[in-house]
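Notes to accompany the following structure.
Numbers restart at 1 for each chain; the letters A, B, ... are given by sequence-line order, proteins then strands.
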2 protein chains.
Amino acid sequence: MPQSNAIPKATVFRLCLYLRELTELSDKDIKTVSSSKVAGKLGLTDAQVRKDLAYFGQFGYPGVGYHVDELIDELKRILGTNHMWDVVLIGCGNLGTALAAYKGFDRQGFHIVGAFDASADRVGQKIGELTVQSMDELAKTVSRTGSRIAVICVPGESAQTVVDQAAAAGIRGILNFAATAITAPPGVVQNSVDLAIRLEQLSFQLTKTKQPAKR
Amino acid sequence: MPQSNAIPKATVFRLCLYLRELTELSDKDIKTVSSSKVAGKLGLTDAQVRKDLAYFGQFGYPGVGYHVDELIDELKRILGTNHMWDVVLIGCGNLGTALAAYKGFDRQGFHIVGAFDASADRVGQKIGELTVQSMDELAKTVSRTGSRIAVICVPGESAQTVVDQAAAAGIRGILNFAATAITAPPGVVQNSVDLAIRLEQLSFQLTKTKQPAKR
DNA sequence: TGGTGTGAATCCTTTCACAGCC
DNA sequence: GGCTGTGAAAGGATTCACACCA
């Protein structure tokens, strides 16, 4: 029984890229754009861009292309970023602190409303406008703010525990920066970013191109 | 003419996951493991694990599984992390500074040997053991250390310029954290991480599961 | 002419299923 | 009995190619 109307993960990723490109165009006051223009900037094909969009409707104008601002609105609606998301940050070490200060999140519709850490040393410290809270207060803050998303920047050893705590507190989506596999409870979606792995992938590409043929 | 002996990008990514899992097992003094054990932890199938490894050789023992430490060595060799890579960091804002302090890079074989920033305010500041250098010194440092990889954490507007400077200085692989599409010159490989996009992907998943059927 | 939307064809990846081995 | 390695089959994703529209 193939449940065949699912959207490929790769398509969702590319929609985010399109949104980013379109936003740049809009900032430059460009009003319309073709699928091949967008594709060119991103190293994709024009057919790919049109197919990706076709999953969600017909947004283009034959002979013209796409209206930039109109397509931005559609993409935001599709991605669910037409409204702001309240996000909590768990783990306030170097990386967590840097992310709390990162402008790009707010710009794309994600606002950090609480910062938490298990270490008593860090609780009470200020990070920008935020004050680091103890983990005990997580559930209260999540329910008060209605946050659905948590960004987790704790050491690998504590990641699974924190995931479970976050889920119990009502979190429904997790962006995980810990370098370990985590299991999200049913009903909770998860997206992991392992920074070291991104370098390993580069290393592989650099290594294999040195020995060009398999032989 | 299909050039069919290429390794899928997804396979490389999973190899990195396998290495991470195996390292955890090795730390626990576990000597052998089966493909289904590894797959289970990562939410994959056993056949997938075996197929991925089969691109590179036969590493398993029928009836037994894989020798953990042996497979770790093979994976490191395949990924090119059996030796350390010297890496330069360009852009020393919040994120760059956090990455400079990140332990996970060193642990996986990547050592940051230089930090650079275009802003005169930051040049001369200390980040851990490193002193932030001016961009003028990039080429000299790259050729002195033989670095092949750059991690780029500059604002989107300057990303492409920095990429070109890095490539001219002799860099061959770029890990890009700037939230913009960059074009790497021929012979330079590139891997981009857009943190906001990872949250957008989560947002999509949370949004679509709310309206379960397409209808 | 320049561009979209989309079935059909191709290409790639994953899963199945089983021979062979310890 | 348990597990690997691997052809064959199935399933998805991308590209092609063209009808159609402004």
Would you say dT13(C) has OP1 or OP2 under 4.0 Å from some side-chain N or O of Arg14(B)? no
Nearest whole Å is fine: how far is dG7(D) P from Tyr55(B) OH? 13 Å
Just how far is it from atom CG of Leu71(A) to atom CG of Leu53(A), taken to the nearest 0.5 Å? 5.5 Å
What is the distance, rounded to the nearest whole Å, between atom NE2 of His67(A) and atom P of dA22(D)? 12 Å
Look at Tyr66(B) and dG5(D) and indicate whether a side-chain polar atom (N or O) is within less than 4.0 Å of OP1 or OP2. yes
Specify the separation, in whole Å, of atom CD of Gln58(B) and atom C1' of dG7(D). 14 Å
Nearest 0.5 Å, please: how far is OG in Ser203(A) from CG in Leu175(B)? 12.0 Å
If you measure from the Lys or Arg side-chain nitrogens to the Asp or Glu carboxylate oxygens, is any gap between Asp52(B) and Arg50(B) under 4.0 Å? no
Taking atom CZ as the centre, does Phe13(A) end up with more than 12 heavy-atom neighbours from other residues, nucleotides or ligands that are less than 6.0 angstrom away? no
Euclidean distance, Ile127(B) CD1 relative to Ile112(B) CD1, rounded to 0.5 Å: 9.0 Å
For the side chain of Pro8(B), starting at C-beta, report the closest nucleotide among dT4(C), dT6(D), dT13(C). dT13(C)
Given dC3(D), dG3(C), dT14(D), the nucleotide with the shortest approach to the side chain of Pro62(B): dC3(D)
Can you tell me how far apart CG (Asp73(A)) and CD1 (Ile78(A)) are? Round to the nearest 0.5 Å. 11.0 Å
May I ask you to check whether Phe105(B) and His111(B) place their ring centers less than 6.0 Å from one another? no
If you apply the rule side chain to side chain donor-acceptor pair (under 3.5 Å), what do you find for Glu24(B) with Thr180(A), and how did you get there? CA-CA 9 Å; Glu24(B) 278 190 28; Thr180(A) 189; 2.9 Å; yes
Hey, could you give me the CD/OG distance between Glu70(A) and Ser26(A), rounded to the nearest 0.5 Å? 12.5 Å
Counting side-chain heavy atoms from CB outward, which of dT6(D), dT15(D), dT4(C) is closest to Lys51(B)? dT6(D)
With a 4.0 Å heavy-atom cut-off, tell me which residues in residues 27-50 of chain B come close to DNA chain C, sorted by residue number. Thr45(B), Gln48(B), Arg50(B)
What is the separation between atom NZ on Lys9(B) and atom C1' on dA13(D), rounded to the nearest whole Å? 16 Å
Between dG5(C) (P) and Phe56(A) (CZ): distance, integer Å: 14 Å
Hey, what do you get for OH (Tyr61(B)) to OG (Ser34(B)), rounding to the nearest 0.5 Å? 15.5 Å
Which nucleotide in the set dT6(D), dT15(D), dC21(C) lies at the smallest distance from any side-chain heavy atom of Ala54(B)? dT6(D)
Just the rounded figure in Å: distance from C1' of dT4(D) to CG of Asp52(B). 14 Å
Please report the distance, rounded to the nearest Å, between CD1 in Ile7(A) and P in dG12(D). 13 Å
Report which part of the nucleic acid Gly63(B) touches: base, sugar-phosphate, or nothing (heavy-atom distance under 4.0 Å, all strands). base
Using the C1' atoms of five pairs at each end, what's the angle between the two axes of the helix from dT1(C)-dA22(D) to dC22(C)-dG1(D), to 10 degrees? 10°
What's the CZ-P distance between Phe59(A) and dC21(D), to the nearest Å? 20 Å
